Amino acid sequence: MESDNTLYLPSPIGTLRLEADQNGICHLIFCHTYTEYPESPASPVLIEAKKQLNEYFAGKRKVFSLPLSFQGTAFQIQVWKALQRIPYGETWYYEQLAEAVGSPRACRAVGMANHRNPLPILIPCHRVIGKNGSLTGYGGGLDIKEKLLALEQRTWRENGEKTK
């Protein structure tokens with residue numbers, strides 16, 4: 001039975017499962033198989049997350065303003081906070097992310113922290129690409145990463161903003 005700490009959100013990239021604890025949103029999980037999920041009572045923070053994610057997918061939100069509950073090592077949390085500084089519609093290389101956390105030689109460690117991000121989209125790990133411009137691994141799958149990046153680029157173009 002679902003509690004008010006879990007909410008399922010249909011989205012253009014598939015169903016998302018959002019989970020919250022007493023401190024904020026703690027997980028965003030890609031549900032790769034389609035299932036009808038019943039509506040269940042949700043906490044106010046999950047209702048707000050649903051609203052903001054719907055705005056993001058509609059191209060109307062570039063920055064999330066939600067309480068997030070980070071559950072990881074100090075280094076992982078440092079990387080996840082740096083990911084939040086990557087501007088909407090832009091991408092960084094792993095090397096840039098490593099430099100942003102003050103560990104320019106720790107590209108692999110940064111990559112592993114990026115991979116363990118429990119809050120994809122909200123913490124935009126999809127904005128990190130290979131140095132040669134290739135799309136590299138993504139917990140939701142490369143097809144979802146590609147869709148998220150395309151959504152952000154399309155929104156930039158539609159709003160007349162300069163793209164990279």
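Not measured: the values here are computed from a predicted model.
Taking every heavy atom of both residues into account, Gly72 and Ile77 meet most closely at O-CD1, 3.5 Å. Considering every non-hydrogen atom in both Val45 and Leu66, the closest pair reads O-CD2, 4.4 Å. The nearest pair of heavy atoms linking Ile129 to Ser134 is CB-O, 3.4 Å. Contact detail for Ser11 and Phe57: the closest heavy-atom pair is CB-CE1, 3.6 Å.
Ile86 has its side chain out of reach of Thr91: every pair of non-hydrogen atoms, C-beta onward, lies at least 4.5 Å apart. Looking only at side-chain heavy atoms (C-beta outward), Asp143 and Ile13 stay at 4.5 Å or farther from each other. Between Gln84 and Leu68 the shortest side-chain heavy-atom distance falls below 4.5 Å. A heavy-atom distance below 4.5 Å is not found between the side chains of Arg108 and Met112. At least one side-chain heavy atom of Ser103 sits under 4.5 Å from a side-chain heavy atom of Phe75.
Of the possible polar contacts, none joining the Glu95 side chain to the Cys107 backbone as a donor-acceptor pair under 3.5 Å is found. Judged by distance alone, the side chain of Asn117 and the main-chain N or O of Trp80 form no donor-acceptor pair under 3.5 Å. A distance-only check finds a donor-acceptor pair linking the side chain of Arg85 to the backbone of Ala100 [under 3.5 Å]. Not one N or O on the side chain of Glu90 forms a donor-acceptor pair closer than 3.5 Å with the backbone of Pro87. Here the side chain of Glu99 pairs no donor or acceptor atom with the backbone of Pro104 at under 3.5 angstrom. Side chain of Thr73 to main chain of Gln76: a donor-acceptor pair is present (N/O by atom type, distance under 3.5 Å, no hydrogens or angles).
In this structure, the side-chain hydrogen bond (donor to acceptor under 3.5 Å, both in side chains) partners of Glu19, at least two apart in sequence or on a different chain, are Arg17, His27. Taking Tyr138 as the reference, Phe30 meet the ring pair (Phe, Tyr, Trp, His ring centres under 6.0 Å) condition, with sequence neighbours excluded. Taking Ala58 as the reference, Lys60 meet the side chain to side chain contact (heavy atoms under 4.5 Å, CB included) condition, with sequence neighbours excluded. By the side-chain hydrogen bond (donor to acceptor under 3.5 Å, both in side chains) test, Lys81 is found to be paired with no residue, residues two or more places apart in sequence or in another chain being considered. For Asn54, the side chain to side chain contact (heavy atoms under 4.5 Å, CB included) partners are Leu9, Lys50, not counting sequence neighbours.
Between the side chains of Tyr56 and Glu152, at least one donor N or O sits under 3.5 Å from an acceptor N or O. At a cut-off of 3.5 Å, with distance as the only test, a side-chain donor of Asp21 or Gln71 sits close to an acceptor on the other residue.
Residue Ile144 is not grouped with residue Ile29 when hydrophobic side chains (ILVMFWY) are merged at heavy-atom distances under 4.5 angstrom, including chains of intermediate members. Cluster annotation: Leu151 and Leu16 are assigned to the same hydrophobic cluster (Ile/Leu/Val/Met/Phe/Trp/Tyr, side-chain heavy-atom contacts under 4.5 Å, transitive).
Judged as a ring-ring contact (aromatic ring centres under 6.0 Å, His included), not a single pair has a partner in residues 104-125 (not counting sequence neighbours).
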Stepwise side-chain contact (heavy atoms from CB on, under 4.5 Å) test for Tyr8 and Leu18: CA-CA 6 Å; Tyr8 290 94; Leu18 296 162; over 6 Å; no
